[in-house]
Peer 1: 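Have a look at the structure that comes next, please.
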2 protein chains.
Amino acid sequence: MTGTPGAEETATEEHPRRWLKAGLMADRLSFRVRSVMALLGARVTEAFAPYGLRPGSFTSMALISANPGSSQIELARLGGLDKSSIVLIIDDLVQRGYAVRAKSTEDRRRSSLFLTRAGEEVMAQMYTAAMATETSIRAELGPDDMQQLFGLLDRVYAILEREDPPID
Amino acid sequence: MTGTPGAEETATEEHPRRWLKAGLMADRLSFRVRSVMALLGARVTEAFAPYGLRPGSFTSMALISANPGSSQIELARLGGLDKSSIVLIIDDLVQRGYAVRAKSTEDRRRSSLFLTRAGEEVMAQMYTAAMATETSIRAELGPDDMQQLFGLLDRVYAILEREDPPID
DNA sequence: TATTGTTATACTCTATAACTATA
DNA sequence: TATAGTTATAGAGTATAACAATA
């Protein structure tokens, strides 16, 4: 008995229909992705709670760390967010002392973003916490199937991105 | 040059860093799932706009259609939503004439939910529209890889659900 | 006492539009 | 004219808490 999106069991006496059939939804990729994201997202949010930061803030920190000096609009594009949404996230990170905005010397419209030492440290801790939420999945799928899943998701992402490029 | 989550290219002269490196994020399942969901969700929302309904409403309709007579709390559990959130969705569907609440005769606390004929028709049309947003993905991945992807996502979902069962 | 459904309320996330400053 | 960033505002989506009816 499971609520796995694709499952199509029938309710029984001892297990009164706790789980519904997914019906047509079972054929849709987006239903599965959404279902997984809902549970996974809840875990991540919970894991981040002690740090007072939300998943979106962590994503920004990790991207800045991997791309020091990047601009807010670059962050917005990769995250699929509007540039105005990034402003609030960076505002918060700056206020906490985790990031700094340095005016670019080449193009004075741009902010070059960097993490502070404190920001790098918190980011690393949050990364560990985030990875821990996926430990059991890695263990049960094993490295091969995990790689397979990553590869398939990357292909899907590449198709979507090619067909729906960022507008800005 | 691509923004695929796992990609780790370097900016070049002719392609000034439009895409950032994903850095640590590339190792996380939730980052990939979130990235795919962001693009896929935007497509679905757009496809549903002509019907005046949001993805959550369509999900409820499809689940009611597959499980006639189900209760609001059952819908909430499968969708990972709070029961109070479902109320608003069903209110809207009822107001549009797409669903009806019938008081259960066995347990008069429960509402037995059904789609109206109009609701079934709109749901079928929206299903077609939703599937169309995934056409190119199916075409490029092919049936085997698509099945592989579905199977892997189902396994992930089953693990998450087993470890984080619904509270209510 | 526990469960289903409801209401009121508030919060998070994100987008839109209008703006400043730079290019 | 176009782009990077900012601000103010509004909307969607969801949760929490308190409650009524029923089990």
Side-chain angles (χ1 to χ4, degrees), chain A residues 16-18 20 34 37-39 41-42 44-46 48-49 52-60 64 69-95 99-113 166-168, chain B residues 16-18 20 34 37-39 41-42 44-46 48-49 52-60 64 69-95 99-113 166-168:
Chain A
R17 190 168 52 214
R18 167 164 190 187
L20 304 182
R34 194 185 302 271
M37 192 63 232
L39 297 182
V44 173
T45 299
E46 189 179 8
F48 286 170
L53 293 173
R54 310 271 316 167
S57 301
F58 171 69
T59 299
S60 291
I64 295 170
S70 42
S71 67
Q72 296 183 184
I73 208 144
E74 286 168 336
L75 253 48
R77 279 179 186 135
L78 189 60
L81 299 179
D82 190 83
K83 53 185 175 154
S84 67
S85 303
I86 293 290
V87 174
L88 306 177
I89 292 173
I90 304 298
D91 278 351
D92 181 58
L93 293 178
V94 169
Q95 198 163 5
V100 290
R101 285 181 172 105
K103 270 290 167 204
S104 168
T105 48
E106 297 164 351
D107 181 344
R108 277 153 57 222
R109 291 172 303 181
R110 298 171 91 258
S111 284
S112 295
L113 303 171
I167 296 170
D168 252 343
Chain B
R17 190 169 53 215
R18 168 165 189 186
L20 303 182
R34 192 185 304 269
M37 192 63 231
L39 296 182
V44 172
T45 299
E46 189 179 9
F48 286 170
L53 291 173
R54 309 270 317 166
S57 301
F58 170 70
T59 298
S60 291
I64 294 169
S70 42
S71 68
Q72 295 184 184
I73 207 142
E74 285 168 336
L75 253 50
R77 280 178 185 137
L78 189 60
L81 299 179
D82 190 84
K83 54 187 175 150
S84 67
S85 303
I86 293 290
V87 173
L88 306 177
I89 292 174
I90 304 299
D91 278 352
D92 180 58
L93 293 177
V94 168
Q95 199 163 4
V100 290
R101 286 181 172 102
K103 271 288 166 204
S104 168
T105 47
E106 296 164 350
D107 180 344
R108 278 154 57 221
R109 290 173 305 182
R110 297 170 92 259
S111 284
S112 295
L113 302 171
I167 296 169
D168 255 342

Peer 1: Ignoring hydrogens and angles, answer whether the base of C:dT14 and the side-chain atoms of A:S84 contain a donor-acceptor pair closer than 3.5 Å.
Peer 2: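 Counting by modelled atom types and ignoring angles, no donor-acceptor contact under 3.5 Å is found here.
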Peer 1: Looking at A:R109 and D:dT3, is any side-chain donor or acceptor paired with a base atom of the opposite kind under 3.5 Å?
Peer 2: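 Pair found.
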Peer 1: Expressed as a whole number of angstroms, how long is the span from B:Q72:CD to C:dG5:C1'?
Peer 2: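 The answer, rounded to whole Å, is 6 Å.
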Peer 1: Would the distance check show the side chain of A:T45 and the main-chain N or O of A:G41 forming a donor-acceptor pair, the cut-off being under 3.5 Å?
Peer 2: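 Yes; judged by distance alone, with no hydrogens or angles, the pair exists.
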Peer 1: Starting at atom CZ of A:R77, determine the distance to atom P of C:dA15, rounded to an integer number of angstrom.
Peer 2: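 Going from A:R77 (CZ) to C:dA15 (P), I get 14 Å.
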Peer 1: Quick one: label B:G41 by what it contacts on the DNA or RNA (base, sugar-phosphate, nothing), any heavy atom closer than 4.0 Å.
Peer 2: nothing
Peer 1: Round to the nearest Å and state the distance from A:D107 atom CG to C:dT20 atom P.
Peer 2: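 Rounding to the nearest Å, CG of A:D107 and P of C:dT20 are 19 Å apart.
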Peer 1: Please report, rounded to the nearest Å, how far the P atom of C:dT14 is from the CZ atom of B:R34.
Peer 2: 8 Å
Peer 1: Just how far, in rounded Å, is P of D:dG5 from CD1 of A:I90?
Peer 2: 10 Å
Peer 1: Side chain of B:S57, backbone of B:L53: donor and acceptor closer than 3.5 Å?
Peer 2: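 Pair absent, no side-chain N/O of B:S57 close to backbone of B:L53.
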Peer 1: Counting the atoms with a prime plus P, OP1 and OP2 as sugar-phosphate, which does A:S85 contact under 4.0 Å by heavy atoms, base, sugar-phosphate, or nothing?
Peer 2: base
Peer 1: Given A:K83 and A:Q72, is the side chain to side chain contact (heavy atoms under 4.5 Å, CB included) satisfied, shown in steps?
Peer 2: CA-CA 7 Å; A:K83 53 185 175 154; A:Q72 296 183 184; over 6 Å; no
Peer 1: Could you state the NZ-C1' distance from B:K83 to D:dA18, rounded to the nearest angstrom?
Peer 2: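 In whole Å, D:dA18 C1' lies 10 Å from B:K83 NZ.
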Peer 1: Which sits closer to the 5' end of DNA chain C, A:R108 or A:L88, going by the nucleotide each is nearest to?
Peer 2: A:L88
Peer 1: Using whole Å, report how far CZ of B:R101 lies from C1' of C:dT6.
Peer 2: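 It works out to 9 Å between those atoms.
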Peer 1: Can you tell me the distance, in whole Å, between the CG atom of A:D82 and the C1' atom of D:dT7?
Peer 2: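 Distance, rounded to whole Å: 13 Å.
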Peer 1: With a 3.5 Å distance limit and no angle check, can you tell me whether B:T59 reaches the backbone of B:P55 through a side-chain donor-acceptor pair?
Peer 2: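 Judged by distance alone, yes, a pair lies under 3.5 Å.
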Peer 1: List the steps and the verdict of salt bridge (Lys or Arg N to Asp or Glu O under 4.0 Å) for B:D91 and B:R101.
Peer 2: CA-CA 9 Å; B:D91 278 352; B:R101 286 181 172 102; 3.0 Å; yes
Peer 1: So B:G79, base contact, sugar-phosphate only, or nothing? Heavy-atom distance under 4.0 Å.
Peer 2: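 Counting heavy atoms under 4.0 Å across all strands, no contact is made by B:G79.
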